[in-house]
*Asks:* 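Sending over a structure as structure tokens; questions will come in a sec.
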2 protein chains.
Amino acid sequence: MTTIDSGVRQRTRRAILEAAATLWARDFSASLGDIADRAEVSRSTLHRYFPERQALVDALLLDSQAQVETAWDAAVAASSTPIETVENIMTAIVDLADQILFLFSDPARFAGNPNWRDDEDEALPDLIRAAQRDGDLDPAIDPAFVIGVMYSLIYVTAESVSTGALPRHKATETLVRVFRHGLSPRA
Amino acid sequence: MTTIDSGVRQRTRRAILEAAATLWARDFSASLGDIADRAEVSRSTLHRYFPERQALVDALLLDSQAQVETAWDAAVAASSTPIETVENIMTAIVDLADQILFLFSDPARFAGNPNWRDDEDEALPDLIRAAQRDGDLDPAIDPAFVIGVMYSLIYVTAESVSTGALPRHKATETLVRVFRHGLSPRA
DNA sequence: TGAAAATGGGACACTGATGTGTCATTCTTC
DNA sequence: GAAGAATGACACATCAGTGTCCCATTTTCA
């Protein structure tokens, strides 16, 4: 178990993490039994991979942060200006809505957890301020508020996509448009 | 108990409902003990007012809907155009963020509950469409998406106000501004 | 094919939340 | 000051979620 990592184990582990993200994004009190059902795995198996509930929480925390970071870095690499970077990050993260909700829906959820990193806590406000200096975002609006709007719009967009109300490209297009127009310095 | 409604009982009842709204808005699995603590009341007293958990849920459901309806009607009465009505509703509802979260954060929470009413389910989309016809909102954006943006912005604004990041008038001003600009038909 | 790995499922104890009831104390109100 | 309302503090039973074993069965792979 410590040295061997068969493909089977990886797939099972991933299925459990996916199920946990889906359920815990909406309801963090969802039981391990619910998660096991969703992952199409017995509760025994779930406990073999994650002995305690906290172990699954920690694993999902690390996994979610890694996924977000990957998408984040790709968005940064593909952008040239601050506003473009912010918009690309939003678009990229729409697909990680479950992970975002799990990570950020309750600010106190991971307080004191050694695995919690708020790396971007400074990177994002810096980006916002840079975009404000460039004249692409209204400098009168508190960066923290801008970030709140960002995550809100991401969540709304992800909902629209997951319910099938809008195709992904159309939804993200609207997302970026609403964000840019809503927070632009133009009166 | 059935005929008498002393001021004491009303205050205690209200304190419990307030506490439940505050806690359940963020975490619907919060225990009755937590709510009793928050309301500064013993768990015994809470059970005297609401014999079962479900009784408290139903009472809060009715109370929240009534509060929202009151604020809603006042906003409608004070407005003359569809877009103005929508904006006034948003501003009024910022103070009811806990109730809004309790009512709408989980679409399935009240499925099948006889006390659940979605009266505004048609009133709001109608308002949106009217504002779109007036040229105040972009007709290319799905009304359901507009409503999602509305509630998201209300939540972000309420957060800013409750954490003290922004004074209420400044926050609501930004709220309306972002909404109008973000969804305006102007390119 | 046969061993090892992986899984399913049941039994069990433990814990926290819940629902019910009783009794003593505090507070209103006349 | 006395009667009744309101509350707090316990005690107790119940129940769902959790964590731990154990064993039979299935799947994987050399």
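Letters A, B, ... mirror the listed sequences (proteins, then strands); counts begin at 1.
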*Asks:* Picking from dG19(C), dA6(C), dA6(D), which would you name as closest to the side chain of Y49(B)?
*Replies:*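 Closest of the options to the side chain of Y49(B): dA6(D).
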*Asks:* How many angstroms lie between atom CD of Q99(B) and atom CD1 of I93(B), to the nearest 0.5 angstrom?
*Replies:*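 Output value for this atom pair is 10.5 Å.
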*Asks:* Taking CZ from R9(B) and C1' from dG4(D), how many angstroms apart are they, rounded to a whole number?
*Replies:* 13 Å
*Asks:* So if I take every side-chain heavy atom of H47(A) and compare against dC21(D), dG19(C), dG19(D), which nucleotide ends up nearest?
*Replies:*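 Looking only at heavy atoms from C-beta outward on H47(A), the closest nucleotide is dG19(D).
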*Asks:* Within this structure, what is the CG-to-P distance between L32(A) and dG9(C), rounded to whole angstrom?
*Replies:* 17 Å
*Asks:* 5'-most contact on DNA chain D: T12(B) or R43(B), nearest heavy atom basis?
*Replies:* T12(B)
*Asks:* Round to a whole Å and report the spacing from CD of Q54(A) to C1' of dG17(D).
*Replies:* 15 Å
*Asks:* Counting side-chain heavy atoms from C-beta on, which of dT7(D), dT18(D), dT18(C) comes nearest to S31(B)?
*Replies:* dT18(C)
*Asks:* Can you tell me how far apart CG (N115(A)) and CD (Q65(A)) are? Round to the nearest 0.5 Å.
*Replies:*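 Rounded to the nearest 0.5 Å, the CG-CD separation comes out at 7.5 Å.
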*Asks:* Do E159(B) and R26(B) meet the salt-bridge criterion of a basic N to acidic O distance under 4.0 Å?
*Replies:*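 Salt bridge: yes.
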*Asks:* Take atom CG of L56(A) and atom C1' of dG19(D), then tell me their distance rounded to the nearest Å.
*Replies:*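 So the CG-C1' distance, L56(A) to dG19(D), works out to 14 Å.
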*Asks:* Given axes from five pairs at either end, by how many degrees does the helix from dT1(C)-dA30(D) to dC30(C)-dG1(D) bend, rounded to 10°?
*Replies:* 40°
*Asks:* Report the nucleotide, chosen from dT18(D), dT7(C), dG8(D), that has the shortest atom-to-atom distance to any side-chain atom of V41(B).
*Replies:*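 Nearest to the side chain of V41(B) among the choices is dG8(D).
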*Asks:* Let's see if you can work this out: which of dT7(C), dC10(D), dC21(D) has an atom nearest to the side-chain heavy atoms of S44(A)?
*Replies:*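 Closest nucleotide to the S44(A) side chain: dC21(D).
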*Asks:* Would you call E18(A)-R13(A) a salt bridge at under 4.0 Å N-O?
*Replies:*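 A salt bridge is absent here (no side-chain N lies under 4.0 Å from a carboxylate O).
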*Asks:* Is the distance from OP1 or OP2 of dG8(D) to the nearest side-chain N or O of S42(B) less than 4.0 Å?
*Replies:*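 Yes, such a contact exists.
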*Asks:* Expressed as a whole number of angstroms, how long is the span from R53(A):CZ to dG19(D):C1'?
*Replies:* 13 Å
*Asks:* Looking at R168(B) and D95(B), does any basic side-chain N land under 4.0 Å from a carboxylate oxygen?
*Replies:*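 Yes.
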*Asks:* Taking the ring of F110(B) and the ring of F102(B), is the distance between their centroids below 6.0 Å?
*Replies:* yes
*Asks:* Could you give the CD1-to-P distance, from I35(B) to dA17(C), as a whole number of Å?
*Replies:*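 Rounded to whole Å, this separation is 12 Å.
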*Asks:* Check E122(A) with R117(A), please: is the shortest side-chain N to carboxylate O separation under 4.0 Å?
*Replies:* no
*Asks:* To the nearest Å, how far apart are L46(A) CG and dG10(C) P?
*Replies:* 17 Å
*Asks:* The side chain of R48(A) lies closest to which of these nucleotides: dC23(C), dA11(C), dG9(C)?
*Replies:*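 The closest nucleotide is dG9(C).
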*Asks:* CD of E52(B) versus P of dA13(D): gap in Å, rounded?
*Replies:* 21 Å
